[in-house]
Amino acid sequence: MDVSHLLEELNEAQREAVTVDQGHVLVLAGAGSGKTRVLVHRLAWLIQVKHLSPLSVLAVTFTNKAAGEMRERTQALLRVSTRPLWIGTFHSIAHRLLRIHWREAGLQEHFQIIDSDDQLRLVRRIIREEGLDENQFPPSQIQWYINARKDEGQRPSSIEHMDHPLTATWVHVYGRYHAYCERAGLVDFAELLIRAHELWLNEPAVLAHYRKRLTHLLVDEFQDTNTIQYAMIRLLAGDSGEVFVVGDDDQSIYGWRGARVENVQFFVRDFPQVRTVRLEQNYRSTGTILSAANALIAHNEGRMGKRLWTAAGEGQPIRVYAAFNEHEEARFVIERIEHWLAEGRRAEEAAIVYRTTAQSRLFEEQLLRASIPYRVYGGLRFFERAEVKDALAYLRLLQNPNDDAAMERVINTPNRAIGQKTVAMLRAQARESGLPLWQAAGESIRQELLPGRARNAVAGFMELILAMRERMGDWTLGNQMQGVIEQSELARHYEKESREKMEARVENLQELVNAAESFILPAEDEEAGLSPLQSFLSHAALEAGETQGADWDDCVQLMTLHSAKGLEFPLVFMAGMEDGLFPHQRSVQESAGRLEEERRLCYVGMTRAMEQLYLSYAEVRRQYGSESYSRPSRFLDEMPTELLQEIRPRMATHRPYPGARPTAADPVDLPFRLGQAVRHRQFGEGMVVNFEGSGEHARVQVNFHQAGSKWLVLAYANLERA
DNA sequence: TCCATTGACGTTTTT
DNA sequence: CGTCAATGGA
């Protein structure tokens, strides 16, 4: 069989990785080195050359997006259906296992996945019920603790150091929370993994079955695996499975949520005769960008070692811009983007990346003012919106009335006169009798434990749910969704909000109905015995959907450094390059390891840039209401100066007080006076109102009649006297 | 039950 | 400074 198409597009290292004949493989894939390509070609190689059944391959990723991309590209390469291939996230794979083996895993048949928001509500409820002080035991902190323990594979009973009073309380809440979930048939994200791991651990027959079937494992983004995920890989591989992992220790940026870079080193230690292949040729960035990134990351210790290179040219220097403050920084960035656009480049080719989400606001304001379309990554996703979750909670309740999280959510949404007091009584009843909320409510009514009005209200709610279930049991998913929204009168709940908000919510609910109508039960869910409703609910939790509706056509991209991982842009701005902000103060304080992770974050950011990279910082930044002066990021010092070009030299001394700008009094050799009328190619006519800097760095502030006030670098702006 | 004021807090995020 | 959640008055 001719397999040249599998190899001809690959470089030597990529080819080596793809064609390793047997045994375990570790691919250290640098940024932009064709990691996904190797993974996909390896998959195709196993099937077409090694004649492996598609059924015996398991490919694992971290995000649904990555899984989808891998499937798509494999499909394009193999030109056969990829249906039988098991490609998915750790969580989706664990989910599938648990659906098939729910009994062996000790789960309820119709268990429901809860997202972190549901989880937090449950934890908060338990903390209150236990009579704990929420200030002393913040729910989010305990939620974090529970997930961290689960990610380490620990159960309340297996946690030592109970002698510490704080820890003891945390473990206690973990135990209570777990009992709640068991009773209500709820499974959180971390539980999916630990439960699947326990399933394999405790049921040798099940493990043996999957070991026999899944003989080849492929793992993407291996440096992001946590303890339990690595344990799952080891367990499934056993002595005979072959494991092919791809990762980059220099791009490990999720240590703070449990990812263990050490797994990369453990892999070489734990698996026999691992073949290590380095992908160091970069197909993305210029030589300058790579040299600076290499120099930066060299400051980290204990690396596996890797040096990116490119066959492309050196490209332009990296521009460093020292802004006076964060407003001026944003103005500078937007001005450079305008310049980029004026050159005929596209907005979507430009990305502004920053360390903290709060930094996006200033850039948004400036982009808005400049009428440049933009898109901010992150934020609420479709299935996380309140109205969508409300509607889904009704469906969850139809499917499983013992779902306490769902019941809490909708018992008084929309308002049906079931207030805090009534709900508290029901909770107390549930707690006393050890029953789910739904059953406790039934008991309370039967035993007449509630005052008359509350009793009627609760009974009315229960009847509503029962009636919906009765009526809609055999309806299609779309009709069920529509029915639930109508009969629950959910829209009523949002009527009091502003018209704009309400319209958006109604639109989202309609979109939810559309999603339900067009939902097709995936074959693997059908095999696992899921109803369309169960499957839909699981998908809603497991893949919360796009951040924003449809991608706008041609937008400047705004995102945190974390969400930039895996992406690439011709023009990249890294903003807020200040010590304290980036590296973040907390990371600096916490440990040397955390600082190294920040450095990797910087490395990730830099290697997103294909053609041009700008690094900017503000000398003064207003933060938490007060102004703070900060040094430029230490990471700037770690890049070779000859690769950097300061666009405006840093001020030798700080200005006497923040915000003071040079005025016409400054000895500046400008062709314009204050009040001078000027003309700009793009912005039209305006008047000079301020100056700063000198020589090629001189800037003027112009009040344009149409475009408003703008700071322009004289050297670029091409201003004419009007 | 609803809105308004007050107070605490202030990395990073996917599943 | 801004946001979010909790509290309290009408």
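Chain letters run A, B, ... following the sequence lines, proteins first and then strands; every chain starts at 1. Computed from a prediction, not measured in an experiment: that's the story for all the values here.
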> More than 12 foreign heavy atoms under 6.0 Å from CZ of A/Arg453: is that the case here?
Replying inline: no

Please pick, from [options], the nucleotide with the shortest atom-to-atom distance to any side-chain atom of [X].
{"X": "A/Arg355", "options": "C/dA6, B/dT11, B/dT15", "answer": "B/dT11"}
{"X": "A/His584", "options": "B/dT11, B/dC2, C/dA6", "answer": "B/dT11"}
{"X": "A/Arg381", "options": "C/dT3, B/dT14, B/dT1", "answer": "B/dT14"}
{"X": "A/Ser587", "options": "B/dT11, B/dT12, B/dT15", "answer": "B/dT11"}
{"X": "A/Thr63", "options": "B/dT15, C/dA6, B/dT1", "answer": "B/dT15"}
{"X": "A/Ser563", "options": "B/dG10, C/dA6, B/dT13", "answer": "B/dT13"}
{"X": "A/Leu542", "options": "B/dT1, B/dT15, B/dT14", "answer": "B/dT15"}
{"X": "A/Thr357", "options": "B/dT12, B/dT1, B/dT15", "answer": "B/dT12"}

Protein-nucleotide distance ([X], atom [atom1]; [N], atom [atom2]), rounded to Å:
{"X": "A/Leu192", "N": "B/dT14", "atom1": "CG", "atom2": "C1'", "value": "13 Å"}
{"X": "A/Gln141", "N": "B/dC9", "atom1": "CD", "atom2": "C1'", "value": "14 Å"}
{"X": "A/Leu362", "N": "C/dG2", "atom1": "CG", "atom2": "P", "value": "10 Å"}
{"X": "A/Leu567", "N": "B/dT14", "atom1": "CG", "atom2": "P", "value": "11 Å"}
{"X": "A/Phe383", "N": "B/dT13", "atom1": "CZ", "atom2": "C1'", "value": "19 Å"}
{"X": "A/Asp151", "N": "B/dT13", "atom1": "CG", "atom2": "P", "value": "17 Å"}
{"X": "A/Arg121", "N": "C/dA6", "atom1": "CZ", "atom2": "C1'", "value": "15 Å"}
{"X": "A/Gln112", "N": "B/dT15", "atom1": "CD", "atom2": "C1'", "value": "14 Å"}

>> Please confirm whether the ring centroid of A/His562 lies under 6.0 Å from the ring centroid of A/Tyr254.
In response: yes

> Taking the six-membered ring for Trp, are the ring centroids of A/His539 and A/Phe383 within less than 6.0 Å of each other?
Replying inline: no

>> If you go through the side-chain atoms of A/Ser116, does one of them form a donor-acceptor pair with the base of B/dT13 closer than 3.5 Å?
In response: no

>> Taking donor-acceptor contacts at under 3.5 Å, does the side chain of A/Arg586 reach the base of B/dT11?
In response: no

What nucleic acid atoms does [X] come within less than 4.0 Å of, heavy atoms only: base, sugar-phosphate, or nothing?
{"X": "A/Arg257", "value": "base"}
{"X": "A/Ala417", "value": "sugar-phosphate"}
{"X": "A/Tyr624", "value": "base"}
{"X": "A/Asn64", "value": "sugar-phosphate"}

> Distance between the P atoms of C/dC4 and B/dT13, in whole angstroms?
Replying inline: 15 Å

> Roughly how far apart, to the nearest Å, are B/dT12 and C/dA5 at atom P?
Replying inline: 15 Å

> Is A/His91 stacked on the base of B/dT15 when the test is centres under 5.5 angstrom and planes under 30 degrees?
Replying inline: no

>> I'd like to check, for A/Tyr254, whether its ring lies over the base of B/dT12 with centroids under 5.5 Å apart and a plane angle smaller than 30°.
In response: no

> Does a nitrogen or oxygen in the side chain of A/Asn415 sit under 4.0 Å from OP1 or OP2 of B/dC2?
Replying inline: yes

>> Please confirm whether the shortest side-chain N or O distance from A/Tyr377 to OP1 or OP2 of B/dT14 is below 4.0 Å.
In response: no

>> I want to confirm an ordering. Mapping A/Ile418 and A/Glu598 to their closest nucleotides on DNA chain B, which one lands closer to the 5' end?
In response: A/Ile418

>> Would B/dT11 be called syn or anti here, given the cut-off of 90° from 0?
In response: syn

> For A/Thr422, what residues pass the side-chain hydrogen bond (donor to acceptor under 3.5 Å, both in side chains) criterion, not counting sequence neighbours?
Replying inline: none

> Going from CE on A/Met577 to OH on A/Tyr617, what distance comes out if it is rounded to the nearest 0.5 angstrom?
Replying inline: 10.5 Å

> Is the backbone of A/Arg622 close enough, under 3.5 Å, to the side chain of A/Glu326 for a donor and an acceptor to pair up by distance?
Replying inline: yes

> Okay, side chain of A/Asp220, backbone of A/Leu39: is any donor-acceptor separation there less than 3.5 Å?
Replying inline: no

